[in-house]
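First the structure, in the form of structure tokens, and then the observations on it.
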There are 2 protein chains.
Amino acid sequence: MMTRTAIETAPAPRAPSADDATRVAVSTVIFSLRREPGAERPTVVLPLVTRTRDPFEGMWALPGGWLDASESLDAAASRTLQETTGLAPSYLEQLYAFGEVDRSPTRVVSIVYWALIRPDEVDAVAAPENTAWFEAESCTELAFDHTQIVQYALWRLRNKAGYSRIAHGLLADEFTLAELREVYESILRRRLDPANFRRQAEASGTLIPTDRFRTGSHRPARLYRYDRDLELADRGPLTTSH
Amino acid sequence: MMTRTAIETAPAPRAPSADDATRVAVSTVIFSLRREPGAERPTVVLPLVTRTRDPFEGMWALPGGWLDASESLDAAASRTLQETTGLAPSYLEQLYAFGEVDRSPTRVVSIVYWALIRPDEVDAVAAPENTAWFEAESCTELAFDHTQIVQYALWRLRNKAGYSRIAHGLLADEFTLAELREVYESILRRRLDPANFRRQAEASGTLIPTDRFRTGSHRPARLYRYDRDLELADRGPLTTSH
DNA sequence: CCAAAAGTGTTATTAATACACCCATGA
DNA sequence: TCATGGGTGTATTAATAACACTTTTGG
């Protein structure tokens, strides 16, 4: 294909010595929704774990663990999520690799993922000890740089909700348009016009109407299904052809 | 802040044993533009390095190196770029962390960055030995998973060109609107309407008109400067408040 | 004067938004 | 029947795109 350009000396990549104590951790920001008593719509919540050992002992931190030598990053994130919530994620995507030198007393590079799980799953499953759910918005003073990480993940969630179909990760297989809209309203923290939302949703081509209805206190609402064949873009570079 | 939810047993994070030979590397996809003899517009090019040792010896690979214990990921990427091109990047952003188990004979997690440098800098600087520039489009059969990585970076470049102002990373301080348009045309591989492009560019509010002109064979074109105070979003989670 | 790129104006099409209104059901 | 959310229609606005046209320079 190409033309050679210039000649000089190439620095040989330095092999890591034994005292290169850089370790790789994987953490996951697990988002879900929870209906708060007074609030007009659900809020974004996530599980945190209390640290039981030295760096930042007693503080809340993202669930995670060391990367096992025999597992991929994705697998490590899934495992983390499984251990923390007992669930498989309905959505899982790499967020960012954090590697500031002073982010931990020892040198740790953290590959952070973010995931979505459905609210009904949260209610149904017993979480391990030392785990509690917090409002993402008001997560502050976490261990390490996890406060920043959570806020960045939250920003990405909101950003992505604008152009992607991730909201389905927070819903069951069948849902009404009002339920879908409520998810977006919860993420974006603002009201959306039901009429316009309906049209946009229908125009997206990703919704399959069923012939079932959600019967409630008023006019029954049609149930839709998400067309998972038309999968969301950017679940990572290796999944689809870009 | 929040309410506790459930109780069970928390798995203690496993400390990495001595045989956890997972090493962290940092690689960088360095994009620039080059005007090809026949082509109607410049093409996206990037520098590759020939591997001089065992895994994939003799094949072309992304420039990179091991993460030093005392440098941040960003710093490692900058250093890589400096060693390969002798330049500081006009744009540098983390792309993705690659960590499949079998992507290398030994276990290596690669934090990959992508960067932009200006074409005139490419011409001016002598690249080290074993380094050559290739068309990004036709980069195939690289070492490791670098082929996929390059294509993903290219996808991200094109994607980001649609909503961001990165194109300025490929231009000098002062430029005409035609030059700016050509950068976008090169990245997106399609013609853009000069009239509409002008209006969009002016409406963006990121261009500062100077009173200087590029005098050429025809009517002089006004030179603009990029307003770097209004910086691009998403240069990473730690830079700005999201 | 002419070629060619700089720069302006005008219109058509499409997408986003606001909001009035009808429909169907449980109570 | 009435309150309420489900669902439709429509008008206004903004963004995008297509393209005709005028301006200014070097040769």
Side-chain angles (χ1 to χ4, degrees), chain A residues 35 39-42 158-165 167 171-172 174-226 230, chain B residues 35 39-42 158-165 167 171-172 174-226 233:
Chain A
R35 195 173 298 275
E40 56 177 320
R41 42 173 170 269
R158 291 186 171 133
N159 195 256
K160 197 143 189 171
Y163 64 88
S164 167
R165 300 284 147 210
L171 282 176
E174 297 194 333
F175 50 86
T176 68
L177 287 183
E179 290 164 356
L180 180 60
R181 176 165 49 84
E182 189 182 51
V183 170
Y184 278 103
E185 289 180 337
S186 300
I187 294 173
L188 302 173
R189 290 170 304 174
R190 68 158 194 263
R191 228 196 133 261
L192 299 175
D193 185 297
N196 295 333
F197 181 84
R198 163 178 300 275
R199 265 183 295 255
Q200 275 186 240
E202 281 170 345
S204 75
T206 57
L207 293 184
I208 303 171
T210 71
D211 43 7
R212 306 199 337 110
F213 289 81
R214 172 91 72 231
T215 169
S217 44
H218 297 294
R219 174 174 174 176
R222 181 179 295 277
L223 289 172
Y224 288 81
R225 190 195 311 281
Y226 176 58
L230 292 72
Chain B
R35 194 173 298 276
E40 57 177 320
R41 40 174 171 269
R158 289 186 172 133
N159 196 257
K160 196 141 190 171
Y163 64 88
S164 167
R165 301 285 148 210
L171 282 176
E174 296 195 332
F175 50 86
T176 68
L177 287 183
E179 289 163 357
L180 179 60
R181 176 165 49 85
E182 190 182 53
V183 171
Y184 279 102
E185 290 180 337
S186 300
I187 294 173
L188 301 173
R189 290 171 305 175
R190 68 157 194 261
R191 227 196 133 263
L192 300 175
D193 185 295
N196 296 333
F197 182 84
R198 162 181 301 275
R199 266 182 294 255
Q200 276 186 239
E202 282 169 344
S204 75
T206 57
L207 293 184
I208 303 170
T210 71
D211 44 6
R212 307 202 332 113
F213 289 81
R214 172 91 71 231
T215 169
S217 44
H218 297 295
R219 174 175 173 176
R222 181 177 296 276
L223 289 172
Y224 289 80
R225 190 195 312 282
Y226 177 57

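Predicted model only: the values in this text are computed from it and were never measured. Numbers restart at 1 for each chain; the letters A, B, ... are given by sequence-line order, proteins then strands.
Residue A/Arg158 places its CZ atom among more than 12 non-hydrogen atoms of other residues, nucleotides or ligands, all under 6.0 Å distant.
With hydrogens and angles ignored, a donor-acceptor pair under 3.5 angstrom links the side chain of B/Arg219 to the base of C/dA6. No hydrogens or angles were tested; on distance alone, nothing pairs the side chain of A/Arg214 with the base of D/dG5 as donor and acceptor under 3.5 Å.
Listed candidates were C/dA18, D/dT25, D/dA18. Nearest to the side chain of B/Pro220 is D/dT25. In this structure, of D/dG6, C/dA18, C/dT25, it is D/dG6 that holds the atom nearest to the side chain of A/Arg198. Listed nucleotides C/dA6, C/dA4, D/dC19 differ in distance to B/His218; the shortest reach to its side chain belongs to C/dA4.
Across all their heavy atoms, B/Tyr184 and B/Ala161 have their closest contact at CE2-O, 3.3 Å. Annotation for B/Thr210 and B/Glu174: closest pair CG2-OE2, 3.6 Å, computed over non-hydrogen atoms. In terms of heavy atoms, A/Leu177 sits closest to A/Tyr224 at CG-CE1, 3.5 Å.
If you check every strand for non-hydrogen atoms under 4.0 Å, B/Arg222 touches sugar and phosphate atoms only. Within the nucleic acid shown, A/Ala178 comes within 4.0 Å of sugar-phosphate atoms alone, with no base atom in reach, counting heavy atoms only.
Take the nearest nucleotide of DNA chain C for A/Ala195 and for A/Gly216: the residue whose nucleotide is more 5' is A/Ala195.
Per the geometry, CG belonging to A/Asp193 stands 17 Å off P belonging to D/dA11, to the nearest Å. A straight line from CZ of B/Phe197 to P of C/dT8 spans 15 Å, rounded to a whole angstrom. Nucleotide D/dG6 holds its C1' atom 13 Å from the CG atom of A/Leu223, rounded to whole Å. Rounding to whole angstrom units, CZ of residue A/Arg41 and P of D/dG5 are separated by 15 Å. Here the P atom of nucleotide C/dC19 and the CG atom of A/Asn196 are 11 Å apart, to the nearest Å. Rounded to a whole Å, the CG atom of A/Leu192 is 10 Å from the P atom of C/dA18. As rounded to whole Å, 10 Å separates atom C1' of C/dA6 from atom CZ of B/Phe213. Whole-Å rounding puts the B/Glu179 CD to C/dG7 P distance at 11 Å.
Not one N or O on the side chain of B/Arg35 forms a donor-acceptor pair closer than 3.5 Å with the backbone of B/Pro42.
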